[in-house]
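Everything numeric in this text was worked out from a predicted model, so none of it was measured. By convention here, the first residue in the shown sequence is residue 1.
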Amino acid sequence: VPADVIKMRPTDGGLRWMKDDLLKKKWLDDLFPNTDDILCVFDDRDKVVKMWRDNGISCFQVAEGAFLNNNDNIKLLFNWNYLGILYNGF
């Protein structure tokens, strides 16, 4: 699937263990100062979907996402470690 931005969780350092909703919010703030250009985001975890929507971004929830902790989401590793964002104006 083509995406304008693909961001992966680092394997070392402080961001490795940061909660996923906080990490993705940090990426949002650092990489996208103008969120008006973001067409949509795809995610599964309830708290991350809420974070996107609280920031005015359309988020498609791709699976039920009431996970207790990151270990519950290992089977969906690409979602746990991945940020893909589509932009308007291709």
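Scanning all heavy atoms of the two residues, the minimum distance from M18 to L22 falls at SD-C, 3.8 Å. L39 and S58 get closest at one heavy-atom pair: O-CB, 4.0 Å.
One distance of note links CE of M51 with CG of D46; it measures 13.0 Å at 0.5 Å rounding. Separation of atoms NZ (K25) and CH2 (W52) is listed at 9.0 Å; rounding is to 0.5 Å. Atoms CG and CH2, on L15 and W27 in that order, are 8.0 Å from each other to the nearest 0.5 Å. For the atom pair D21 CG and L28 CG, the distance stands at 12.5 Å (nearest 0.5 Å).
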**Request:** Go through the steps for V48 and V41 under the test side-chain contact (heavy atoms from CB on, under 4.5 Å), then give the verdict.
**Result:** CA-CA 10 Å; V48 179; V41 174; over 6 Å; no
**Intermediate values then yes/no, side-chain contact (heavy atoms from CB on, under 4.5 Å), I38 and F32** = CA-CA 8 Å; I38 298 174; F32 305 100; 4.0 Å; yes
**Message:** Could you walk me through whether K24 and D43 satisfy the salt bridge (charged side-chain N to carboxylate O under 4.0 Å, His left out) test, starting with their C-alpha distance in whole Å, then the side-chain angles of each, then the deciding distance to 0.1 Å, before giving a yes or no?
**Reply:** CA-CA 11 Å; K24 291 181 180 182; D43 219 307; 2.9 Å; yes
**Message:** Evaluate C59 against F42 for side-chain contact (heavy atoms from CB on, under 4.5 Å), listing each step before the verdict.
**Reply:** CA-CA 6 Å; C59 181; F42 299 88; over 6 Å; no
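A salt bridge links D20 with R45: the distance from a Lys NZ or Arg NE/NH1/NH2 to an Asp or Glu carboxylate oxygen falls below 4.0 Å.
Under the 3.5 Å distance criterion, the side-chain polar atoms of N55 are left unmatched by any main-chain donor or acceptor of I57. Within the 3.5 Å criterion, the main-chain N or O of R16 finds a donor-acceptor partner in the side chain of R9.
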